[in-house]
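Beneath this line is the structure, given in structure tokens, with notes to follow.
Everything numeric in this text was worked out from a predicted model, so none of it was measured. Naming: A, B, ... by sequence-line order, numbering from 1 per chain.
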2 protein chains.
Amino acid sequence: MNKCDQCIVRQLSSLKALNKDEVVKLANSKTTYKIKKGDAIFEEGEVTNGVFCIKDGVGKLSKLSANGKDQIVKLVQAGELLGQRSMISNEPANLSAKAVADMEVCFIPKSEILHFFNNNNQFSMNLMQSVCEDLKESENDKIALVQKTVKQRLAETLLHLHDTFGENEDKTLKVQLTREELAGIIGTATESCIRLLSDFNKLDLIELVGKKIMLKNIKALKKMAE
Amino acid sequence: MNKCDQCIVRQLSSLKALNKDEVVKLANSKTTYKIKKGDAIFEEGEVTNGVFCIKDGVGKLSKLSANGKDQIVKLVQAGELLGQRSMISNEPANLSAKAVADMEVCFIPKSEILHFFNNNNQFSMNLMQSVCEDLKESENDKIALVQKTVKQRLAETLLHLHDTFGENEDKTLKVQLTREELAGIIGTATESCIRLLSDFNKLDLIELVGKKIMLKNIKALKKMAE
DNA sequence: AATATAATATGATAATTATCATAACTGGAA
DNA sequence: TTCCAGTTATGATAATTATCATATTATATT
């Protein structure tokens, strides 16, 4: 009985195309790590030489700007692979990957992935599609950044977080981001983000439960985001 | 003697990995089109069922917003492939492709590309790397949109156009974009773009030769863009 | 060449968003 | 508990950018 076989990453990512033998090979070459909230999996400019499977937790891909702000490019969750792009491009990481919630990840060496890529057409197609999906999302984000106001982007992002990560028993968003991180996703100043959350609260679109956020009027948020 | 063999796209794109037999197959399945400046190669939402090789000219990938503005995601030139992403993702095009200068393109059916993808590891790796390159660029653009001012983005874009497309004998930029298109690339209002070009002109960073633009102080533009 | 149409230019103003300042709250460490 | 550091909150103001109005210039069409 090998551990990769039942792993959520095996079920959700490109790795689902691997056959029994390949999964065994995978299990033998992987290394498992635990990453504490706030810690980095890899930093911008580092050569990673492989990909990371996210078994548990939530991570963010971000880039630090000259003025010290951290622009978040993407949030990643259990089941996803990390570091595919720089591995394929043979380049140092363009972004840093840090844990937003405690994470458990496995590292798979590049040689292993390339072997699968060259010998398993379904795997290479899956990997390709996953990068294409990222590209589409990135392009759409880019367009939203230009064509939408900060208010619209906040509404959109709250809905997206709700869709992607779900809610706790108390109906608050499951991913717990700081206001600064949220601002980093929508691309605005932390104060602006806080201010708009206050506004949304007053308009009964959301409710602020301490630092947590509960979506109260999803319909109105959708209308605002469109 | 077959025509694809000497084609610039064959030399520059993922297609460089194809062997003689594959190029013959390619030549037999392709269709050639001429696209007039301003006309579309494909529109957002269309199912393309293949990729387009750009033999000559310049194109733009863009998305129309609700308020009627055309946000340009990427410019493409001779030697590049178009429509890879939606073909791989099995989705209608996310963006429209239109000619910025008269173009000559060849259409390669999806079945052909998939056959190469599954049978030629170097080709699939090249294709993958090309999508990864697009992803990296898109992510960096996204960050620039948030972290840089319109002025910085204009400087950056002018330099990028200069690098990528070169200059005419009179030193003006070779790609001739309207101010509206330029605004669509940097993500701002046309008037703002025009105003800043005026400012740059007064500061002797550029010179406006009718509708054409000549970069006069590249060093200063670089400093401004940083 | 004359006219129409579109592109470029510039001014005035409004809206959006960032920045700086400071206060209130929160969660953890001693 | 009490204090401290970090986060959240809000006000005041400045900077950036969009919008609307209107010239001016270029390009195309008859």
Side-chain angles (χ1 to χ4, degrees), chain A residues 36-38 65-71 100-102 144-158 172-173 175-203 206-214 224-225, chain B residues 36-38 65-72 100-101 144-158 172-173 175-203 206-214 224-225:
Chain A
K36 282 241 163 302
K37 177 173 172 171
S65 74
N67 60 30
K69 275 190 196 163
D70 212 29
Q71 167 69 12
V100 164
D102 288 357
L145 276 175
V146 171
Q147 299 185 338
K148 295 190 176 179
T149 63
V150 173
K151 192 192 283 183
Q152 289 179 303
R153 270 142 51 202
L154 175 57
E156 185 176 65
T157 299
L158 290 175
T172 59
L173 290 181
V175 254
Q176 181 132 357
L177 301 168
T178 64
R179 304 293 192 253
E180 192 180 0
E181 284 169 330
L182 193 52
I185 293 176
I186 65 181
T188 191
T190 306
E191 298 95 321
S192 300
C193 175
I194 290 174
R195 220 180 292 276
L196 284 173
L197 284 173
S198 277
D199 293 349
F200 283 15
N201 193 9
K202 277 166 201 153
L203 291 171
I206 63 174
E207 189 177 326
L208 299 176
V209 186
K211 301 189 175 184
K212 295 195 222 163
I213 299 170
M214 179 200 302
M224 176 172 272
Chain B
K36 282 242 164 299
K37 177 173 173 174
S65 73
N67 60 30
K69 275 190 196 164
D70 212 30
Q71 167 69 13
I72 298 182
V100 164
L145 276 176
V146 171
Q147 297 184 339
K148 296 189 174 179
T149 63
V150 173
K151 192 191 284 186
Q152 289 179 303
R153 271 143 51 203
L154 175 58
E156 184 175 66
T157 300
L158 290 174
T172 58
L173 290 181
V175 254
Q176 180 133 358
L177 301 168
T178 64
R179 305 293 193 256
E180 192 180 359
E181 285 170 330
L182 191 54
I185 294 175
I186 66 182
T188 189
T190 306
E191 298 95 319
S192 300
C193 175
I194 290 174
R195 220 181 293 275
L196 285 172
L197 284 173
S198 276
D199 293 351
F200 282 16
N201 192 9
K202 277 166 202 153
L203 291 170
I206 64 174
E207 189 178 326
L208 299 177
V209 185
K211 301 190 175 183
K212 297 196 221 160
I213 299 169
M214 179 199 302
M224 177 172 271

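For B/Glu181, the salt bridge (Lys or Arg N to Asp or Glu O under 4.0 Å) partners are B/Lys60, not counting sequence neighbours. Residues passing the salt bridge (Lys or Arg N to Asp or Glu O under 4.0 Å) test with A/Lys212, sequence neighbours excluded: A/Asp170. With sequence neighbours excluded, the residues satisfying side-chain contact (heavy atoms from CB on, under 4.5 Å) with A/Lys151 are A/Thr149, A/Leu196, A/Phe200, A/Met224. Legend: residues meeting salt bridge (Lys or Arg N to Asp or Glu O under 4.0 Å) with B/Glu156, ordered by chain and number and at least two apart, are B/Lys148. For the side-chain contact (heavy atoms from CB on, under 4.5 Å) test, residues two or more places apart in sequence or in another chain that qualify with A/Thr157 are A/Leu161, A/Leu182, A/Ile185, A/Ile186. Evaluation of the salt bridge (Lys or Arg N to Asp or Glu O under 4.0 Å) rule for A/Glu180 yields no partner, not counting sequence neighbours.
Of the residues in residues 186-199 of chain A, those with a non-hydrogen atom less than 4.0 angstrom from any atom of DNA chain C are A/Thr188, A/Ala189, A/Glu191, A/Ser192, A/Arg195.
Screening residues 190-201 of chain A for salt bridge (charged side-chain N to carboxylate O under 4.0 Å, His left out), with sequence neighbours left out, gives no hits.
Axis angle between the ends of the helix from C/dA1-D/dT30 to C/dA30-D/dT1, five pairs each and rounded to 10 degrees, works out to 40°.
Taking the nucleotide of DNA chain C with the nearest heavy atom to each of B/Lys202 and A/Thr149, the more 5' of the two is matched to B/Lys202.
Among the protein residues, B/Lys148 comes within range of no part of the nucleic acid, since none of its heavy atoms lies under 4.0 Å from any strand.
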Which letter, B, S or -, goes with each nucleotide of nucleotides 22-30 of chain D from 5' to 3', with contact meaning a protein heavy atom under 4.0 Å? ----SS---
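Note that the CZ atom of B/Arg153 and the OG1 atom of B/Thr188 stand 6.5 Å from one another [nearest 0.5 Å]. Remark: B/Leu208 CG to B/Asn201 CG distance equals 4.0 Å, nearest 0.5 Å. If you take CD1 on B/Ile206 and CG on B/Leu197, they are separated by 4.5 Å, rounding to the nearest 0.5 Å. Atoms CG and CD, from A/Asp70 and B/Gln147 in turn, are 8.5 Å apart once rounded to the nearest 0.5 Å. Note: B/Ile194 CD1 to B/Leu154 CG = 11.5 Å, rounded to the nearest 0.5 Å.
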Pick out the pairs of N or O atoms, protein on one side and nucleotides 2-5 of chain D on the other, that lie under 3.5 Å.
none

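To the nearest angstrom, C1' of D/dT7 lies 16 Å from NZ of A/Lys212.
A/Arg179 places a side-chain N or O within 3.5 Å of a backbone atom of A/Lys211 that can act as its donor or acceptor partner. With hydrogens and angles disregarded, no donor-acceptor distance shorter than 3.5 Å links the side chain of A/Asp102 to the backbone of A/Lys36.
Along DNA chain C, the stretch of nucleotides lying under 4.0 Å from any heavy atom of chain B spans, 5' to 3', C/dA7 to C/dA12.
What you find for A/Thr190 and A/Ala183 is that their closest heavy atoms are CA-CB, 3.7 Å.
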